[in-house]
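Structure first, commentary second.
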Amino acid sequence: MRELFHEIASSIRQNKLRTALTGFAVSWGIFLLIALLGAGNGLMNSFSGNMEQYVSQTVTVSGWRTSKPYAGYKENRNIQLDQRDLNYTEGPEWEGVIGNVSVATSSQSVKLTLEGRNVNGWMRGVMPDFQETEKLQMSAGRFLNVDDIKGRRKVIVVSRSQAKELSPRNPEALIGQWISAGSVAFRVVGIYHTDEQDFRQTCPIPYSTYKGIYDHTDKIEDISFTVNGPSTLKEHQDFEDSYTGALKRMHDIAPDDRRGIWVRNGYTDNLEMSNASRILSLAMWILGLLTLVSGIVGVSNIMLITVKERTHEFGIRKAIGAKPHNILSLIIAESVTITAIFGYVGMFLGMIACEVLDKTVGQRGVNIGFEEIRMLVNPSVGLDVALEATLLLIVAGTLAGIIPAWKAAKVKPIEALRAE
Amino acid sequence: MALIELKDINKTYNNGQPLHVLKGINLSIERGEFVSIMGASGSGKSTLLNILGILDNYDTGTYHLDGKLIKDLTEKQAADYRNRMIGFVFQSFNLISFKTALENVELPLYYQGVPRRKRQEMAMEYLEKMGLTPWATHFPNEMSGGQKQRVAIARALITKPQIILADEPTGALDSKTSVEVMQLLKQLNQQDGITIIVVTHEGGVANETDKIIHIKDGIIGEIEENTRHTAWGGTIIK
């Protein structure tokens, strides 16, 4: 092993400039590969990070304006879900497929007041499992429970950022206090966690309380439920079509109307997102690999020249007893060494580039109207990619060396000795 | 059986026009002989040496080296035989330029898989024998022609081969150094009993050997016993 490295080192020393130029191509290829994958990961992290707050593993439906005339009705008719839809959803037809069903009212803007301090919020009547489906984490107190619903209690849960506005010194002290929301007073029972990036302002109150105070009809704004059974994107879409088809029939909406029933399907959203993430990562790999190919061709080229220049030396080695595989492994080892050393330089620089991206673009938020999001979140590549890239470099180096090595190994000693 | 036994060796090169270079060579060389092969350029002496050195193959006939038939060997076998049985000394020394004298000498042992420490020890021993101890860490371009040829001889000897094949060993040296190198070879033959075959076109060089084999147009001509070193009227080198 030591001899091999010694030989490689002396051969590289002889062709410093050429080796450096070729090595640059390899470094550049790996650099781009790592930087692209890192940026791609950052973009995906940003997507999923920003989406995670909203996309839950539930399907939510609500009424929407129709876009087509049907069954004697004009277009632009407002559709309102009601008890029938809830009964259908909970009914026998989807037994075993539709799991927990929950309802929620629409949000209404409200000004919360405590001792002269105000903050804006969106009040919404919900059921207890709203916490689960919306992934609310409590930072203090509790979420709404069944007793709140049954007793139509005037209780409210606020976000941490709202709590901070109302009670800047000690937000937790808000628990148990009565705050006024418009003309009605609610007792705060819980504060849910929000971080700097999170601008949610929903203030959940019991569904029954909301109905009792603000809306006395049996209208239902939102029905949301979990789904068991479908697993692929297609199965989820088929389920969605079949379910909304039934709702459309009940409300006399044209079957081919894309409006009328509004659906947000967390399952398909998640599946589509992970698909997108896979495709993005694949695209990055392909781009990086294509760049790397030019590096490999470069190494192969330099090895061919090296082999040609060293033919006489190989003749001497063969005359004194070098077997073909000795020569073969010498060349391939040299090729792998050049590729690996420069590849690692590129990998290292690529990781630095990811860090730089993180510190610059990654820290900058982009305003998308109602909130700010970060373009890149933690753009980096994992250990798995580093290992894959290492393997790739070894394979690439071997590929680059194989033709020159084969040429060197098969030349006859007598011809090699004659070469100058 | 003699150390080297050639029977009716034929060799034809087929580069466009077929060229019949060796036309039935019969030759036997005993262990411990000091022989020269003489001939004009194009006589086939280099081809003969290449066949003897298993660097080239022949078309028909048989070649036995130390009782082994050398025919249709794989590259690997040929490399192994060359490594263990034959030591080469070339006109242009054929040292590897980016290796020191020591590294050049130990290289044949590297291909035998001898451990590094052992190799270096042996290489130093042979360099000492050639009077080159102070030059061990020097590169070939830092040495004179005579020194280089002595490094090459040390490299040829380190595997304790059956024969030394020397192809115009003095061709690139001045007359004084040529004498020294021939004296060295003679000494190796007499003291260590190593079989040495020298290819040359110089009468003076051939005269240093005990037997002169003349080759002409691919056939062995006269074989001259020269134990008294009187060939060419006792010509001295150059």
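In the text below, chain A, chain B and the rest are named by the order of the sequence lines, each starting its count at 1.
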Side chain, backbone, both or neither of R84(B) within contact of chain A (heavy atoms, under 4.5 Å): neither

Sidechain N-carboxylate O distance under 4.0 Å for R317(A), E313(A): yes

Close side-chain approach of K45(B) to E168(B), heavy-atom, < 4.5 Å: yes

Side chain, backbone, both or neither of I316(A) within contact of chain B (heavy atoms, under 4.5 Å): side chain

Side-chain heavy atoms of V411(A) within contact of V307(A), under 4.5 Å: no

Which portion of R310(A) sits near chain B, non-hydrogen atoms under 4.5 angstrom: side chain

Pair K323(A) + D80(B): basic N to acidic O under 4.0 Å: yes

Toward chain A, the part of E103(B) with a non-hydrogen atom under 4.5 Å: side chain

Residues S144(B) and Q147(B): side-chain donor-acceptor under 3.5 angstrom: yes

Interface residues of residues 87-102 of chain B facing chain A - heavy atom cut-off under 4.5 Å: F88(B), F90(B), N94(B), L95(B), I96(B), S97(B), F98(B), K99(B)

SB check D192(B) K129(B) (cutoff 4.0 Å): yes

Test: K412(A) and D56(B) ion pair at under 4.0 Å: no

N-O pairing of K359(A) and E355(A) below 4.0 Å: yes

